[in-house]
Amino acid sequence: MSTQIPEVVAVDTITEWTDEFDVVVAGFGIAGGCAAVEAAAAGARVLLLERAAVAGGTTALAGGHFYLGGGTAVQQATGHADSAEEMYKYLTAVARDPEPEKIRAYCDGSVEHFDWLEALGFEFERSYYPEKAVIQPGTQGLMYTGNEKVWPFREQAEPAPRGHKVPVPGDTQGAALVIELLVKRAAALGVEVRYETGATNLIVDADGAVVGVRWKESGKTGAVRANSVVLAAGGFVMNAEMVAEHVPWLAEKPFVLGTTYDNGLGIRLGLSAGGVTRNMDQAFVTAPVYPPSKLLTGIIVNQAGERFVAEDSYHARTSAFVLEQPGAAAYLIVDSEHMEQPMFPLAPLIDGWETVEEMEAALGIPSGALRSTLDRYNEHAARGEDPDFHKGAEFVQPQDSGPWGAFDLTLGKALYAGFTLGGLHTSAHGEVLRDNGSPITGLYAVGANGGTLAQDGKGYASGTQLGSGSFFGRRAGRHAVSRSS
Ligand SMILES: Cc1cc2nc3c(=O)[nH]c(=O)nc-3n(C[C@H](O)[C@H](O)[C@H](O)COP(=O)(O)OP(=O)(O)OC[C@H]3O[C@@H](n4cnc5c(N)ncnc54)[C@H](O)[C@@H]3O)c2cc1C
């Protein structure tokens, strides 16, 4: 593993090409699969190089949330009004550094993309899961998977549920179904897929345009000429050196989620041709304390006994705020009326105490600080109000019935898991951009290699990676073909 940028190969040094294609895609996860299929459907000759023995990558691990809206068939069937405009407002409001052109394209194209996904050969169930949860427990097609109902976002855009889940029960591997269907579609469209074959270097002409790719398969190597190369080789969470360089806190304690080839090579290939990166310091990291959502009636405090986040936030938003607290330490305090066992016991229950003073002392919170925070919260909650963090009304309930319990959200105590979000800077068509914003001719990056909408931990909503990875994968595939013809 390394942070090394592969060398680019000058086209005039290539003495023999193994093949020639219109479009070469590196990586058969959701983004690469969608790019290849869309390019082939537009008439291109497409080669898909996949370093592993099977398609799927990290996508095959994913639960299967696609963040889609603007009036999809599931939203309509379950009575949830939505529009591209409200979706645009939400995604803009929640992002740290929004990219308006991409968000606009994504929201305007979301219903068509939903239909396209279903046309691969599955149907999102026309049903809605109303609870606040990490993922639907069954095959329900729709639920809230972001901060749409959380203040201040609920005032900035009309809330609507947009977390569409593929009809596979359970919290992992649902998206493998979509990969299976993409493999079939790619075969039907004549995409040539070479497994156990990795892209190793980009081939460039004298103007810096990408005109091919070098590959490696067991002991063999070769060079393919292509009008366009699409990098879709996944994130970098499994590359310890890249993580240490860009997201050192992710290397400290969280458990990292991904597959072997999430080694950032795709991103480094993009850099080798003159591309630049964005949001490399950002990660999705989480240790959800819900379900049950009843626990969110409690308060989350830091070591000073102060609240710092609306407790009903999407779990990764809460986690991102926890990690910013001194010592990355925080506790969820719940009284006996609202205490329940979390479904995923990731944040350990420290203990229960008869008095707030005993709890304060046990948690090492300055004397009186937790008492005062709890008193203020309870006083307002008794009137159904939360003037400090504007928690949603259903979660505003006094925590005044001792004994009290505390769950430990502190990094190193709670089991955090995560993956990286940064990647190559791309245009709304997936073209890899240079520092000055100009596109590198013939080079695209999609999915975790660059260009998804999910680019910061606080703004993440479940489904934005698969949703925008597939959406911008398709756009890159189409653009690559239009450029070639
Ligand atoms: C447990 C888990 C659950 C998740 N759940 C969701 C969810 O429900 N919704 C959501 O939106 N996101 C979810 N995510 C995130 C999401 O799965 C990923 O961000 C997304 O799948 C990345 O897709 P991709 O196509 O960019 O990369 P991948 O799916 O990782 O595909 C990249 C492919 O490239 C191949 N490759 C690597 N290097 C090379 C090379 N040099 N040459 C050729 N091929 C190469 C790899 O082998 C791999 O097959 C989840 C992640 C995890 C870990």
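Numbering of ligands and ligand atoms starts at 1, following listing order. All values below were derived from every heavy atom in this structure, side-chain atoms included, with hydrogens, water molecules and symmetry-related copies excluded. In this chain, numbering begins with 1 at the start of the sequence shown. For clarity, every value in this text was computed on a predicted model and none was experimentally measured.
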Checklist entry - Which of the listed options, L466, L269, T59, holds the heavy atom that is closest to atom 10 (C) of ligand 1? => result L466
Checklist entry - Please state which protein non-hydrogen atom is closest to atom 53 (C) of ligand 1 and give its distance, to 0.1 Å? => result L257 CB, 3.4 Å
Item to check | Those atoms of ligand 1 less than 4.0 Å from some heavy atom in D262 | outcome: 30 (O)
Checklist entry - Within the distance-only criterion (no hydrogens, no angle test), does the side chain of N449 pair as donor or acceptor with the backbone N or O of G423 below 3.5 angstrom? => result no
Next on the checklist: At less than 4.0 angstrom from any non-hydrogen atom of G447, what atoms of ligand 1 do you find?
Outcome noted: 26 (O)
Checklist entry - What atoms in ligand 1 come closer than 4.0 Å to a heavy atom of A448? => result 26 (O)
Next on the checklist: Any atom of ligand 1 sitting under 4.0 Å from a heavy atom of A232?
Outcome noted: yes
Next on the checklist: Checking T78 against H80: is there a side-chain donor and acceptor pair closer than 3.5 Å?
Outcome noted: yes
Next on the checklist: Show me which atoms of ligand 1 lie under 4.0 Å from any heavy atom of L265.
Outcome noted: 41 (N)
Checklist entry - Taking 4.0 angstrom as the limit, do R45 and D19 come out as a salt bridge? => result no
Item to check | T200 side chain vs R214 backbone, donor-acceptor pair below 3.5 Å | outcome: yes
Checklist entry - atom 38 (N) of ligand 1: which protein heavy atom is closest, and how many Å away? => result A233 CB, 3.5 Å
Checklist entry - Tell me: protein heavy atom nearest atom 9 (N) of ligand 1, and distance? => result H65 O, 2.9 Å
Item to check | For G63, the ligand 1 atoms whose distance to one of its heavy atoms is below 4.0 Å | outcome: 3 (C), 4 (C), 5 (N), 8 (O)
Checklist entry - Is a salt bridge present between E85 and R104, judged by a nitrogen-to-oxygen distance below 4.0 Å? => result yes
Next on the checklist: Donor-acceptor check, side chain of R278 to backbone of L424, threshold 3.5 angstrom: yes or no?
Outcome noted: no
Checklist entry - Atoms of ligand 1 less than 4.0 Å from L49 heavy atoms? => result 43 (C), 44 (N)
Item to check | Protein residue, atom and distance nearest to atom 30 (O) of ligand 1, heavy-atom basis | outcome: T58 N, 2.9 Å
Checklist entry - Which residue holds the protein heavy atom closest to atom 49 (O) of ligand 1, what is that atom called, and what is the gap in Å? => result E50 OE1, 2.7 Å
Next on the checklist: Regarding E118 and R126, does a basic nitrogen lie under 4.0 Å from an acidic carboxylate oxygen?
Outcome noted: yes
Checklist entry - ligand 1 versus I30, non-hydrogen atoms closer than 4.0 Å: side chain, backbone, both, neither? => result both
Checklist entry - Quick check: does any side chain N or O of Q76 sit under 3.5 Å from a backbone N or O of G71, one acting as donor and the other as acceptor? => result yes
Checklist entry - Between K132 and D312, is there a side-chain N and carboxylate O pair less than 4.0 Å apart? => result no
Item to check | From CE (M280) to CG (L421), nearest 0.5 Å | outcome: 11.0 Å
Checklist entry - If you measure from atom 51 (C) of ligand 1 to every heavy atom of F472, Y195, F419, which option wins on shortest distance? => result F419
Checklist entry - Any luck finding a side-chain donor-acceptor pair between T426 and K102 under 3.5 Å? => result yes
Next on the checklist: Heavy atoms only, cut-off 4.0 Å: how does Y460 contact ligand 1, side chain, backbone, both, or neither?
Outcome noted: side chain
Checklist entry - With a 4.0 Å cut-off on heavy atoms, is G56 touching ligand 1? => result yes
Item to check | Closest protein heavy atom (residue, atom, distance) for atom 16 (C) of ligand 1 | outcome: Q465 CB, 4.0 Å
Checklist entry - Is it true that S462 lies under 4.0 Å from ligand 1, counting heavy atoms only? => result no
Item to check | N or O contact, T259 vs ligand 1, cut-off under 3.5 Å | outcome: no
Item to check | Short side-chain donor-acceptor distance under 3.5 Å, Q465 and T452 | outcome: yes
Checklist entry - Under 4.0 Å from any heavy atom of G64, which atoms of ligand 1 are there? => result 7 (C), 8 (O)
Next on the checklist: Which option wins on minimum heavy-atom distance to atom 45 (C) of ligand 1: H164, R194, R51?
Outcome noted: R51
Checklist entry - How long is the span from the SG atom in C107 to the CZ atom in R162, to the nearest 0.5 Å? => result 7.5 Å
Item to check | E112 backbone acceptor or donor facing D115 side chain under 3.5 Å | outcome: no
Checklist entry - Any side-chain donor-acceptor pair under 3.5 Å between T72 and H164? => result yes
Checklist entry - Does Y67 approach ligand 1 within less than 4.0 angstrom via side chain, backbone, both or neither, non-hydrogen atoms only? => result neither
Next on the checklist: Please work out, at 4.0 Å between heavy atoms, whether the side chain, the backbone, both, or neither of T200 comes within that distance of ligand 1.
Outcome noted: neither
Checklist entry - Purely on distance, is any nitrogen or oxygen of A62 under 3.5 Å from one on ligand 1? => result no
Next on the checklist: List ligand 1 atoms under 4.0 Å from A31, heavy atoms only on the residue side.
Outcome noted: 25 (O)
